[in-house]
S.K.: 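Got a structure here, written out as structure tokens. Questions coming.
Computed from a predicted structure; not experimentally measured.
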Amino acid sequence: MPRRRAGTLIALRTASLITLFLLLLRPVVLRPLPPGGAAVAVLVDASRSMGIDDTGESRLARARAIVDGRIRPALAPGFDVSVFSFGNAVSETPLAETAAIQRRSDLRGAIADVRNRFRDRRLAATVVLSDGADTGGLIASSAGGAPVFAVPVGADEPSLDREVVSVSVDEEAQLQSLIDLSIVIAARGTRDPFVLRVLENGRAVHSRRVEPSSATGPIRFVIPVAPPREAAAVYSVEIDEHPGERVRTNNRRAVLVRAADRRRAVLLVEGAPGFEHSFLKRSLAGDPALEIDAVVRKGQNEAGEQTFYVQATADRAAALAAGLPSKAADLFHYDALVLANIEADTLSSAQLDLVEAFVAKRGGGLLVLGARSFDRNGLRDTPIEAALPVSLTDRGDDAGVTGGRADANRLTPTADGLRHPIMRVAPDSDASRQRWLAAPSLSSTAGLGGPRPGAVVLATAGSAGGLGRPVVAVQRYGEGRSMIFGGEAAWRWRMLMPATDGTYDTFWRQSMRWLAGASPRPIEVHGPIDALAGEPVKIGLRIRDAAFAPVPGARVSVSVEGPAGERESPMPSVSDDPALQTAVFTPSQDGVYRVKADVRLPDGRTETATTSVLIGGADAEMAEPWRHDASLARIAEESGGAIVDEADLETLPALIQKAAGAPELRETELWHHPIVFVMLIALLGAEWGLRRRWGLR
């Protein structure tokens with residue numbers, strides 16, 4: 001073939017390949033949006049809080065008047081105005097036909113929806129008329145699109161209102177256990193006394209008279225309750241309605257307390273026999289919510305091997321024959337681990353790492369106590385130290401003692417400690433403080449350093465220098481919890497006190513229940529805390545093996561039973577995480593729904609996990625039912641807009657025009673442009689035509 005012809009064909013083929021390569025890089029061209037006038041979207045909140053009458057007319061009626069009387073006439077000459085309402089979703093229903101009936105107000109979701117609707121047009125701005133209560137749950141930023149101009153609707157100042165702001169529990173109930181209901185109440189605009197009532201499954205279990213000290217600040221209570229063992233319990237908190245209240249649905253809130261489905265397994269590992277550990281083991285063994293296994297190092301045999309005394313059930317004793325288990329599956333069976341007088345040289349590096357993973361990855365609870373654990377040959381500079389709430393090196397940090405102390409080794413609870421369930425040995429904080437001050441002193445306390453960030457010191461004791469040193473401290477670490485007890489001879493609280501005094505048993509049992517209480521199981525099903533009837537409810541299922549590693553390929557069947565025995569059919573959804581599967585169902589009424597998940601593992605075994613979900617426990621839309629200017633201002637500022645008061649609406653057109661600026665550009669991928677395909681076909685067609693003309697195949 002002549003060189004000129006070969007060069008021509010090579011050039012055409014090269015040009016085709018380069019074109020295809022460039023298209024794979026997805027080049028774009030910037031073009032102004034089509035002409036026709038910039039659009040302005042007006043969003044009007046139609047949630048139930050907009051039905052509140054706090055200015056002589058409902059908030060929604062006021063918003064309609066503002067849109068029809070001021071915003072439309074002002075913006076129509078320069079912009080294409082489109083009006084929408086929103087609640088759970090955006091609606092194009094005419095504003096005159098819109099009612100304040102939506103159960104939630106998804107403010108950020110509505111802004112994102114409108115931007116998507118106008119993606120092919122130039123959206124100059126979004127104007128939002130709302131009271132600012134955003135209960136949709138979307139926390140994404142509103143930046144990156146057309147500016148938002150927010151017009152607050154409603155009274156400037158909160159009106160008279162009593163509200164149960166929150167009711168919460170730390171975790172599920174355990175066998176024969178008291179749990180704390182944390183209650184926050186607000187009484188705005190009135191100091192009149194009222195009655196607070198706590199109901200368990202509709203039955204009154206507590207009542208008290210509340211006299212607000214101020215007309216604005218929150219009122220906090222911690223009320224211990226004893227949930228039933230056999231089933232989940234709904235605890236409702238109610239307060240009296242005031243005759244002048246406009247919103248009364250927020251005077252009640254409920255929370256679900258799930259029943260314990262098992263005893264918590266605890267492993268006690270002792271570096272050497274001792275009185276402290278014997279008393280501790282006996283106390284924990286008397287707790288019906290706990291199942292105790294114990295390993296005590298006795299010393300070396302004739303062959304120089306370490307020997308251990310094991311107390312455990314037959315199926316677990318074999319894994320404890322050599323002391324602390326060295327396999328994750330064996331150790332992770334337990335919900336809590338106690339290391340008493342353990343020195344680092346008694347554990348291998350793999351065991352030290354395994355204990356740290358027991359807390360961080362498995363989500364177990366870890367308690368470390370005993371002088372040998374804290375001295376130079378103890379657990380300092382090991383992976384376990386990182387999981388503990390205080391440094392094991394005494395650097396002279398002051399932990400902040402509250403209250404007096406009789407001597408250097410007397411335990412003194414801190415203010416945080418008096419509120420924590422571990423240190424509560426009496427019905428209220430004052431009584432707990434007096435019982436701790438009356439308890440005998442410890443024989444000694446370890447020289448520990450200060451608390452880590454996020455840790456809480458529950459009790460201190462005086463050092464030789466007169467400073468408060470942490471003796472009891474806790475923290476959350478990874479998925480689990482950890483605790484240290486830096487005192488010696490706590491058994492004195494048992495032996496030197498009257499036989500009727502339960503301080504010793506109460507302290508240690510509450511400590512272990514707190515450590516083990518939040519420990520998850522390998523297969524768990526969980527639902528949301530706040531859910532409403534008629535809205536999708538997402539159920540999550542974590543599937544892990546005995547070593548808490550993800551189990552891919554498991555088959556899951558989820559069933560839901562409603563409060564009246566009706567059956568709901570969850571729709572499974574796909575997750576990228578092999579350890580997490582989800583399903584969604586829509587409850588038809590308020591009440592407790594029971595969720596059951598049957599998991600068929602790849603090895604053929606079938607496991608079952610259950611949970612309960614409370615629907616309608618709180619009316620989120622009517623929580624804090626005043627105007628939230630700060631929320632609206634934050635959304636507007638994120639987008640480059642501003643908050644505009646009703647009195648300043650005449651400035652709105654100028655603000656939008658200034659924000660609109662130069663024409664907005666739109667990215668268009670060249671791959672979708674017809675000329676690109678024409679050019680590519682022309683190159684390939686030219687090459688093919690020349691090859692045919694020159695007699696080539």
Side-chain angles (χ1 to χ4, degrees), residues 48-49 52 54 104-105 131-135 137 139 152 154-171 178-199 204-225 234-257 402 414-421 423-424 427-430 432-433 456 529-530 614 616-634:
R48 289 186 302 115
S49 64
I52 298 173
D54 53 1
R104 292 189 186 272
S105 50
D131 55 17
D134 188 2
T135 58
I139 59 175
D156 294 341
E157 297 294 331
S159 57
L160 185 151
D161 185 65
R162 287 176 182 163
E163 178 183 2
V164 181
V165 178
S166 69
V167 181
S168 60
V169 292
D170 189 31
E171 55 204 27
L178 291 176
I179 65 168
D180 291 335
L181 288 181
S182 298
I183 303 170
V184 180
I185 295 172
R188 307 176 186 91
T190 175
R191 294 190 182 183
D192 295 344
F194 57 89
V195 176
L196 176 150
R197 291 173 292 277
V198 178
L199 293 82
V205 294
H206 180 86
S207 177
R208 69 170 61 186
R209 179 182 172 87
V210 180
E211 297 185 4
S213 58
S214 70
T216 56
I219 309 168
R220 303 179 187 275
F221 299 99
V222 176
I223 298 176
V225 293
V234 177
Y235 284 91
S236 304
V237 177
E238 300 177 347
I239 56 177
D240 290 338
E241 298 176 358
H242 192 282
E245 282 188 273
R246 297 180 183 272
V247 178
R248 304 188 179 189
T249 57
N250 60 4
N251 291 48
R252 181 183 183 277
R253 186 179 284 258
V255 67
L256 179 69
V257 178
T402 62
T414 65
D416 290 329
L418 291 173
R419 293 190 294 266
H420 200 279
M423 300 297 295
R424 191 179 299 121
D428 57 64
S429 296
D430 291 337
S432 288
R433 180 191 295 276
V456 180
I529 298 176
D530 178 23
L614 176 62
D619 189 353
E621 183 60 32
M622 289 301 185
E624 301 181 342
W626 58 84
R627 203 173 86 182
H628 295 266
D629 289 7
S631 174
L632 293 172
R634 183 166 54 252

S.K.: Under a 4.0 Å threshold between the charged nitrogen and the carboxylate oxygen, would Asp134 count as salt-bridged to Arg634?
M.R.: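 No, this pair does not count.
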S.K.: Look at Glu238 together with Arg252 and state whether they make a salt bridge at an N to O cut-off of under 4.0 Å.
M.R.: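 Between Arg252 and Glu238 there is a salt bridge, with a charged N closer than 4.0 Å to a carboxylate O.
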S.K.: Using 4.0 Å as the upper bound for N to carboxylate O, is an ion pair formed by Asp240 and Arg197?
M.R.: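 Looking at Arg197 and Asp240, the cut-off is met.
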S.K.: Between Asp180 and Arg424, is the closest basic N to carboxylate O distance under 4.0 Å?
M.R.: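 Looking at Arg424 and Asp180, the cut-off is met.
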S.K.: Are any of the side-chain heavy atoms of Ser168 and Ser182 separated by less than 4.5 Å?
M.R.: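 The answer is yes, as the side chains (C-beta and beyond) meet within the 4.5 Å cut-off.
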S.K.: So Val198 and Ile183, do their side chains get closer than 4.5 Å, heavy atoms only?
M.R.: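 The answer is yes, as the side chains (C-beta and beyond) meet within the 4.5 Å cut-off.
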S.K.: Can you confirm whether the side chains of Thr190 and Arg162 place a donor and an acceptor under 3.5 Å from each other?
M.R.: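 There is no such pair between these side chains.
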S.K.: Identify the two heavy atoms, one from Ala155 and one from Arg627, that lie closest to each other, and give their separation to 0.1 Å.
M.R.: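 Where Ala155 meets Arg627 most closely, the heavy atoms are O-CB, 3.6 Å.
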S.K.: Using a 4.5 Å cut-off on heavy atoms from C-beta on, say whether the side chain of Val169 contacts that of Leu181.
M.R.: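 Answer yes - side chains close enough.
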S.K.: Roughly how far, to the nearest 0.5 Å, is CD1 of Ile52 from CD of Glu621?
M.R.: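 Those atoms lie 8.0 Å apart.
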S.K.: Can you give me the closest heavy-atom contact between Val247 and Pro625, atom names plus distance?
M.R.: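 Minimum heavy-atom contact is CG2-CB, 3.9 Å.
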S.K.: Could you walk me through whether Asp131 and His628 pass side chain to side chain contact (heavy atoms under 4.5 Å, CB included), step by step?
M.R.: CA-CA 6 Å; Asp131 55 17; His628 295 266; 5.7 Å; no
S.K.: Kindly indicate whether the side chain of Leu614, heavy atoms from C-beta on, has any atom under 4.5 Å from the side chain of Val255.
M.R.: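 A side-chain contact under 4.5 Å is absent here.
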S.K.: Thinking salt bridges, do Glu241 and Arg248 make one under a 4.0 Å N-O criterion?
M.R.: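 Between Arg248 and Glu241 there is a salt bridge, with a charged N closer than 4.0 Å to a carboxylate O.
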S.K.: Atom CG of Asn251 and atom CD1 of Ile185: how far apart are they, to the nearest 0.5 Å?
M.R.: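 CD1 of Ile185 is found 9.5 Å from CG of Asn251.
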S.K.: Does the pair Val225 and Tyr235 meet the rule for a side chain to side chain contact (heavy atoms under 4.5 Å, CB included), with working shown?
M.R.: CA-CA 9 Å; Val225 293; Tyr235 284 91; 3.7 Å; yes
S.K.: Nearest 0.5 angstrom please: Arg253 CZ to Ser166 OG, how far?
M.R.: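 Output value for this atom pair is 6.5 Å.
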S.K.: Working to the nearest 0.5 angstrom, can you tell me the gap between Met423 CE and Leu418 CG?
M.R.: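 That separation rounds to 7.5 Å.
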S.K.: For residues Gly132 and Ser631, report the shortest heavy-atom separation together with the two atoms involved.
M.R.: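 Heavy atoms only, the tightest pair is O-OG, 3.3 Å.
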S.K.: Minimum heavy-atom separation for Asp530 to Ala620, with atom names?
M.R.: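 Looking at all heavy atoms of both residues, the closest pair is OD2-CB, 3.9 Å.
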S.K.: Could you tell me the separation between the CH2 atom of Trp626 and the CG atom of Asp161, rounded to the nearest 0.5 Å?
M.R.: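 Reported value, rounded in 0.5 Å steps: 7.5 Å.
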S.K.: Measure the CD1-CD1 distance between Ile223 and Ile179 for me, rounded to the nearest 0.5 Å.
M.R.: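 Going from CD1 on Ile223 over to CD1 on Ile179, the span is 12.0 Å.
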S.K.: Between Arg48 and Asp619, does the salt bridge (Lys or Arg N to Asp or Glu O under 4.0 Å) criterion hold? Intermediate values first, please.
M.R.: CA-CA 10 Å; Arg48 289 186 302 115; Asp619 189 353; 2.4 Å; yes
S.K.: Are any non-hydrogen side-chain atoms of Val210 and Phe221 less than 4.5 angstrom apart?
M.R.: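 Side chain of Val210 against side chain of Phe221, heavy atoms only: contact under 4.5 Å found.
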